[in-house]
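Positions are given from 1, in the same order as the sequence printed here. Note that this is a predicted model, so its numbers are computed, not measured.
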Amino acid sequence: MSVPKSCFGYPLSIFFIVVNEFCERFSYYGMRALLILYFQRFLGWNDNLGTAIYHTFVALCYLTPILGALIADSWLGKFKTIVSLSIVYTIGQVVIAVSSINDLTDFNHDGTPNNISVHVALSMIGLVLIALGTGGIKPCVSAFGGDQFEEGQVIVSRSFSSPLLIQVCGIHSKQACYPLAFGVPAALMAVSLIVFVIGSGMYKKVQPQGNIMSKVARCIGFAIKNRISHRSKKFPKREHWLDWASEKYDERLISQIKMVTRVMFLYIPLPMFWALFDQQGIIEIQPDQMQTVNAILIVVMVPIVDAVVYPLIAKCGLNFTSLKKMTVGMFLASMAFVAAAIVQVDIDKTLPVFPKGNEVQIKVLNIGNNSMTVSFPGTTVTCDQMSQTNGFLTFNVDNLSINISSTGTPVTPVTHNFESGHRHTLLVWAPSNYQVVKDGLNQKPEKGRNGIRFVNAFGESFGVTMDGEVYNNVSGHNASEYLFFSSGVKSFTINSPEISQQCEKQFKTSYLEFGSAFTYVITRKSDGCPEPKIFEDISPNTVSMALQIPQYFLLTCGEVVFSITGLEFSYSQAPSNMKSVLQAGWLLTVAVGNIIVLIVAGAGQFSEQWAEYVLFAALLLVVCIIFAIMARFYTYVNPAEIEAQFDEDDKEDDLEKSNPYAKLDFVSQTQM
């Protein structure tokens, strides 16, 4: 028997599996981090549809492990299943990268796809293939890695996330470069597959032991059916309900299924943890910056928890079992959402007030060269040249009358059908010249982005290009719609045939923070060249991002203590031929958690975001208590010892069958 090569006390084959898992996780989370952005900005879906498809995809990724376990345990074995489904996985990543190529259907080269249905169809095909691939290999990789270890060694799957990679590219028009952003995860998946195959000769490959999941289902079904048919009191009770399958199935299989069902029973409360964990994106103010916090904290906390926290607890004489660790993890996740609720309350105090019901809000922006006086019901404001009122004024739309005047000029009434529940900007440049613009912003810009619009006080129509986005044909004395940008300084170019070649056309914004909105008024200088003037519509966020770190710290600690321990517990309590099945059951809890998110989202939105956080925290706390009670009555087993006992019994039975007189001779000699 050849001794497997080792390095640092671990089988050498493990390092190929670790690199494979590292690349695959980066590939998966790198792709997943882009989906919502891709759905909204490229496919043009609204938040509700994008969120629903996203959580459906995640749920599917954690439902398909059942299929992967079936294929691995009953047909191909773990190695061939991982290779086969990794190929499917890689194809899926390539398909979704192709689906994001703008020029695929941009026949007139205007920067907008002419047939968005093609992109949607390719995206859905790619996501289905990815879900089949990533889900199918999930239960196999951990179990296959575990097969490489000797008794007492453990392999643990870690979670990784990758940075957002969105540049600007394009053949005929410059757009957000989703093909590159999706192409990097596709390349990583290809590398993952190649590295895994290279290590093929070093792996310990356990042959599939038949359709074990089918056997389990049939055995459970027979036990239930047999119990129902013998429910009369004249039939003696049996120690366990699965013992009612003993008429048809052997004691070893029944014992193995008992081990699996006892662990599966503990899984019942777990989806609530994943329902919270997979919503961590909703507790962010600026996701592009804060996404990296979770990844950094995982890298820092995993070794600290393993090398410092757990040994300290052991030295204190506390029996910190796997199920106790999982209970603590659920509690920490609950506290993370309590922290998120506290931060949200602070955020709500700084949010601007928007009109509700029959209200309208109006701001006056004077883009002319003279001072203007504007009268509203109960108040009068005066705006000097190139200035605006201090914030928005709120009125009832049914009792709204507005008049504009200037020194020595008659009063001009504003005739406009104001839309209730919206903000409006009243552009004025002369007593008898005005334009009412509906702002289109009824909330802070989402995801920490910044809204920018342009007002034309220049005269002739012009276009503006900013950071890959295009404002087309902004007409004289009118305003464009808002487009949204991430933080930082942005460059913009004003395009018009009326602007002299000697004029400066490229400008820079002020530093954009998070969650703000600005109006850039383009005026004409005395030399005929354009000049931008900036006005604030919505102030940037004032709550520090640092306040989010405690909730991320708690959530990450909860993930490290709960998720990693749960995988270890599942593997340690599984019979040798059912490890993939129990891994699939563990991953199924993640799928159910995402389904819970879909149900809650479909039931309606909370009027206050902090209230939703408190509700989820309370639900998880209740589930945590229930799980702690269930764990209190769980008895840990050693599947290897139980199976060894069965092997010993089988040997004795075989010995008796091969020599039926052996036992009789022994008894006779004893009697003599």
Take Tyr38 and Ser123 through the side-chain hydrogen bond (donor to acceptor under 3.5 Å, both in side chains) test and state the conclusion after the steps.
CA-CA 10 Å; Tyr38 174 66; Ser123 299; 3.0 Å; yes
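- Annotation: side chain of Leu60 is not in contact with side chain of Thr56 (no heavy-atom distance under 4.5 Å).
- The side-chain hydrogen bond (donor to acceptor under 3.5 Å, both in side chains) pairs that include a residue from residues 323-341 number zero, where partners must be two or more places apart or lie in different chains.
- Contacts of Thr321 classified as side-chain hydrogen bond (donor to acceptor under 3.5 Å, both in side chains), with partners at least two apart in sequence or in another chain: Tyr636.
- For the atom pair Leu35 CG and Ile130 CD1, the distance stands at 7.5 Å (nearest 0.5 Å).
- In terms of heavy-atom proximity, Val94 sits nearest to Ala186 at N-CB, 4.1 Å.
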Might you work through the side-chain contact (heavy atoms from CB on, under 4.5 Å) test for Tyr89 and Leu193, ending with a clear yes or no?
CA-CA 10 Å; Tyr89 192 167; Leu193 175 59; over 6 Å; no
Please step through side-chain contact (heavy atoms from CB on, under 4.5 Å) for the pair Leu621 and Phe331, ending with a clear verdict.
CA-CA 6 Å; Leu621 194 58; Phe331 177 77; 3.7 Å; yes
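- Taking all atoms of both residues into account, the shortest heavy-atom contact from Pro185 to Ala181 is CD-O, 2.8 Å.
- Taking all atoms of both residues into account, the shortest heavy-atom contact from Met31 to Phe182 is O-CE2, 3.8 Å.
- The shortest distance between side-chain heavy atoms of Ile304 and Val560 does not fall below 4.5 Å.
- For the pair Gln573 (side chain) and Pro639 (backbone), a donor-acceptor distance under 3.5 Å is absent.
- Summarising the geometry, atom CD1 belonging to Ile642 is positioned 5.0 Å from atom OG belonging to Ser255; distances are rounded to the nearest 0.5 Å.
- Around atom NZ of Lys80, no more than 12 heavy atoms belonging to other residues, nucleotides or ligands sit under 6.0 Å away.
- Taking both residues in full, the closest heavy atoms of Asn102 and Pro113 are given as OD1-CD, 3.2 Å, listed atom of the first, atom of the second, then distance.
- The nearest pair of heavy atoms linking Ser27 to Leu188 is CB-CB, 4.1 Å.
- Shown here are the ring pair (Phe, Tyr, Trp, His ring centres under 6.0 Å) partners of Phe627, two or more places apart in sequence or in another chain: there are none.
- A distance of 6.0 Å separates CG in Leu132 from OG1 in Thr64, rounded to the nearest 0.5 Å.
- Nearest heavy atom pair, residue Thr90 against residue Met189, reads OG1-CG, 3.4 Å.
- Within the 4.5 Å cutoff, side-chain heavy atoms of Val263 are placed close to those of Tyr634.
- A distance of 7.5 Å separates CG in Leu266 from CE in Met326, rounded to the nearest 0.5 Å.
- Under the 4.5 Å side-chain criterion, counting only non-hydrogen atoms from C-beta, Phe484 is not in contact with Glu469.
- Take Phe562 and apply the ring pair (Phe, Tyr, Trp, His ring centres under 6.0 Å) test, not counting sequence neighbours, and it matches Phe273, Trp274, Trp586.
- Between the side chain of Ser572 and the backbone N or O of Phe569, at least one donor-acceptor pair lies under 3.5 Å.
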Would Leu332 and Phe553 satisfy side-chain contact (heavy atoms from CB on, under 4.5 Å), going step by step from the backbone distance to the final call?
CA-CA 9 Å; Leu332 291 174; Phe553 177 78; over 6 Å; no
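- A donor-acceptor contact under 3.5 angstrom links the side chains of Ser200 and Lys205, judged on distance only.
- Evaluation of the ring pair (Phe, Tyr, Trp, His ring centres under 6.0 Å) rule for Phe196 yields Phe79, Phe144, Tyr203 as partners, not counting sequence neighbours.
- Put simply, the side chain of Ser99 gets close to the backbone of Ile96: a donor and an acceptor are under 3.5 Å apart.
- Checked against ring pair (Phe, Tyr, Trp, His ring centres under 6.0 Å), Phe39 has the following partners two or more places apart in sequence or in another chain: Trp45.
- With rounding to the nearest 0.5 angstrom, the CG atom of Asn20 is 6.0 Å from the OG atom of Ser86.
- Residues Thr565 and Tyr310 are in side-chain contact: their nearest non-hydrogen atoms beyond the backbone lie under 4.5 Å apart.
- Separating the CZ atom in Arg25 from the SG atom in Cys23 is a distance of 12.0 Å, to the nearest 0.5 Å.
- The closest side-chain donor-acceptor pair between Gln551 and Tyr613, if any, does not fall under 3.5 angstrom.
- Between Val637 and Arg262, the closest side-chain pair of non-hydrogen atoms falls below 4.5 Å.
- In this structure the side chain of Phe616 reaches within 4.5 angstrom of the side chain of Glu612, judged on heavy atoms.
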Step by step, work out the side-chain contact (heavy atoms from CB on, under 4.5 Å) result for Thr261 and Leu242.
CA-CA 10 Å; Thr261 53; Leu242 274 169; 3.9 Å; yes
